[in-house]
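Notes for the one structure printed next.
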Amino acid sequence: MNRRTGWGLALFLVLTSLAVLTSWALSLRPIRINVLMPASFADQTTELVRKFNADHTGKINLRVTRGPLETEAVSDLAISSLLLGKSPFDALLIDVTWLPKYAAAGWLAPLDPWIDQQAIDSLAPGAQLGNSYKDQIYRWPLVADMGLLYWRTDLMKEPPKTPQELLEISQRIQQEGRVPYGYVWQGRQYEGLSCVFLEVLDGFGGKWLTPGTDIVGLNSPASQKAASWLRKLISSGVSPKAVINYAENETLQLFKSGDAALMRNWPYAWGEVQKTNSPIKGKVGVTTMVAAPGHKSTATLGSWGFSILKGSSNPDAAAEVIAFLTSTYAQKQLFLKNSYTPTKAELFNDPELLAKSTILPILAEALQSTEQRPQTPLYAQISDVLQRQLSSILTGKSNVNTAMDRAQRNTEQILLAAGET
Amino acid sequence: MIQLLLLPAALLIALVFGIPLIRYCWLSVHANSVVTGLVAIPNHGANWLRLFNDERFWQDSAQTARFAFVSVSLELLLALAIALLLDQRWRGRGVVRAITLLPWALPTTVMALGWRWIFNTPYGPIEQLAVLFRLPPLNILSNPDITWLATVVGDVWKTTPFVALILLAGLQTIPNDLYEAFYLEGGNPRAAFFKVTLPLLQPYLLLGLLFRLAQAFGVFDLIQVMTGGGPASSTESLALYAYLNAMRFLDFGYSATVMIGSFLLLVFICLFSWLVIYQTRHLRGVFK
Amino acid sequence: MSLILENISRRIGRDWIVRHLQLEVAEGECLALLGPSGCGKSSTLRLIAGLDQPNEGRIYINGKDVTSVSPVNRRIGMVFQSYALFPHLTVAENLALGLRVRKISANDQYQRVASVLALMQLEDQANQRPAQLSGGQRQRVALARALLRDPLIYLLDEPMSNLDAQLREDLRPELRRLILKDGQPVVYVTHDQHEAMAMAHRIGVMRGGQIEQVGTPQELYHQPTSIFVASFIGRPQINLLPAESGIITAIRPEDLKLCTQGLSCQLIHREWLGTSQLWLLESSRGPLRIITTGDTSIPNDIQLTWLPEKEHKFDASSGLRCN
């Protein structure tokens, strides 16, 4: 062996060893999973994320991208990243109404490989809704959310059960001069108004869109009654005219300062009115929305859950992340710390949780009677149509019949046009 | 030679302005929405036909134009007054000049939230004032006839400083000699304003007008945060409508049509305003 | 017709811009205010126009105290250094503007503008804007505007400084004729001594807000009352010999003569000036400038002399003339 061959062999051995070492090191490098969440969720899950990463050192590294505060801005961010092609995210935390749209756009991966019947059965009944599109599961729920009726225990013995009762009780209390306003709710021209309307519509026995069909029920007698009732709340002075621009925050602000007897809001408001600085602490009860005699009280389902993006290169690892973040353990932590309503059925009977919150049974009950907003990729459009017409009714710009007829017609046109394409 | 030097700038404009414009034009003759699975399918002008028959588009156009004209006019008037004030020599002028710019530096969404609170019923300061004067609740953000004025207030508050800055720059190009010559000829300060200041400021007024008109015509985040387009859609702007179509409805074909449609309207409005002003006698001289 | 400034002073903050200024300009007289920049000549003009107010002193026009009269009522015909023409108006509109604000009837306006346009030979430019005019034309428009003012006095602030050298010389006689034709007193501000000498009957040399000396160009040249005036007036500059027992002797370059027995010098530099030449010399009494005829050749040994009566003598400490 001459010198040159010797050097050549040495070089070959060094290079191959380097290659082997590098690939070994690479195989050890943990898989990175990036999840986009709205700011509040990202903030509340930091401890869980830390625990997950500690348990998966060297295997999976979970990174949470803290999205904007406004939920729609989170959707804008997610959609922009998806439109640009390769999204940096493996999974998203999405609202119940976004699912059909995202699934139809082909952005989401079906979760069926990781989910069995047992897992589905472990969810509370209301939480089982809103996770699938065209018979495939695309989302796994983290937090359940539903519309609730908050009432002042110091102003009335029993909460109103029917729309008529709500009007009467409010007016009586107002006439007695105990509060300036009766009932506050979300009347701003935005998604919240659709949620409010859905509850009232169901309470009068109506149906916005019959599932699986294109049958629109916006000009039905029930629908007209529902819209008229909302209008009457304002015209009779039971609700301040200002609710026409109220979203959740403004509603809570007015109720929390003790100026209203009743409020429609989500479960998060409970934590707010029970805070030590709240003038109405200990004077608030929670129930489900009013319904006309003979009809069932319903709560609009709003919930957040995780979806895996089709473009993710590590869907298995992403599924593991989701399984952990939605586990009984995680949900328990989130409820105890942040009052996030769980989605696992067993947690509603958990003594530790029951001890912490008196409204858990009410939430469980409300979750039994949740109603979904129409499950269609065109939901944003038809909800927008409804909001426009409702706002027009609430401001007195249009009368109920005309506006609801228009809502009916426009919705049918949107569904029809989509069918033609 | 000079054309060659302009080439990089021209290319840049073509890149950042021309390419999206061409892309939107192309999209506007295609169906491309969640219904088509985000695939572009030529639809032979169906989007444009829909646009012409879309009452909402025309309503939004009228509302956007109303918003733009009223806020830009108010901005020009106020900015002129502020610029004249800031052009005078007085103690502390530098500090005031800096403070005047503050609203302009504030992010629109933050200040829109601020205005939403200011107009809040019943807790906002405006309503508190109404209570003080024993007026009934004003419900400014719940009245389709006046809510748009509240958005105008927000816009004027934010962008007047910017226009004032343009006009101040304009005022400082007017030599003092001209005023002195005018006073020696027998003019008074009032006449000087109309015969010297205004005509010489006209190019700057026009600049501010066209610039702000284009901006106000694209108003989006202010409205989105303050009113969400309501009540009764009375404040919805074209940009908001285009945004809804794209980001909420995932209907990119029609969204592009709305955008190109509003762009054409804007070009028409700018040309019209420019012509109106150009026809006035004084301006002809300045632009020659 | 006359203009009298009586003990005028103006101060900005702590600085005196104009100090105890005394001046009289008679009917039909053109007085030039000459001095380096910042000497207060333009400030004086502004005080006369009423654009600034004096802190002390009084101003009389035709014997009437106008100190507290507004600029417009002083009836001043002023030509600004920049000409201050309105860029958005045509020449005719520029000229008519003053008449219009003074509410002269439309017919009169037209007549007067037309006649002044004719006088100034500006008829062809009537509908042009200032930006389209040459420098000389702009100056004529500015002057035309001053003429239209029908003024009691004319004030001209460096009216030539925006023109090139040749044009300046060409325009002097015409400008002088126009401003003096109706006999109003004229105050003419310039930093150019040749222009001052060419235009003015008398020149006031200013320094530090005060008038150093007023007199005819000849008086200033031959009898300067201070070293400053002696040095400021006359080019090439006067020769200053080093002080001897507190007295500075000054000799004009053309008063130095070559001779065979005198002050011995070395030639440093020579400039041809056409009919004459300028030599820069070094002597035992410092550097000297001498003007000789164009055909003088340089001798091997340069010796200089001068007549004693050509000497200007100044007190070294006060700088004032003492012979």
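The figures that follow rest on heavy atoms only: side chains count, while hydrogens, waters and symmetry mates do not. Chain letters run A, B, ... following the sequence lines, proteins first, then strands; residues in each count from 1.
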*Residue-level contacts of residues 135-148 of chain B with chain A, using a heavy-atom cutoff under 4.5 Å*: B:Asn139, B:Leu141, B:Ser142, B:Asn143, B:Pro144, B:Asp145
*Examine whether an atom of B:Phe119 lies under 4.5 Å from a heavy atom of chain A, and if so say whether it belongs to the side chain, the backbone or both; otherwise answer neither.*
neither
*For chain B, find its close neighbours in residues 255-262 of chain A: heavy-atom separation under 4.5 Å, sorted by number, or none.*
A:Ser257, A:Asp259
*Heavy atoms under 4.5 Å from chain A: which residues of residues 218-240 of chain B carry them?*
B:Gln224, B:Val225, B:Met226, B:Thr227, B:Gly228, B:Gly229, B:Gly230, B:Pro231, B:Ala232, B:Ser233, B:Glu236
*Heavy-atom pair with the smallest gap, counting every atom of B:Met247 and A:Asp76*: CE-O, 3.2 Å
_Heavy-atom pairs under 4.5 Å with chain B, option from A:Leu378, A:Leu83, A:Leu390, A:Val243 with the top count_ = A:Leu83
_A side-chain contact here means heavy atoms from C-beta on lying under 4.5 Å apart; do A:Glu250 and B:Asn120 qualify?_
yes
_Heavy-atom closest contact (A:Ala418 atom, B:Val35 atom, distance)_ = O-CG1, 3.4 Å
*Mind checking which of residues 393-406 of chain A sit less than 4.5 Å from chain B, heavy atom to heavy atom?*
A:Thr395, A:Lys397
*What are the two closest heavy atoms between A:Tyr246 and B:Pro122, and how far apart are they?*
OH-CD, 3.3 Å
*Which one of A:Gln387, A:Gln389, A:Gln253 has the most heavy-atom pairs closer than 4.5 Å to chain B?*
A:Gln253
*Answer yes or no: does atom CD of A:Glu70 have more than 12 heavy-atom neighbours from other residues, nucleotides or ligands under 6.0 Å?*
no
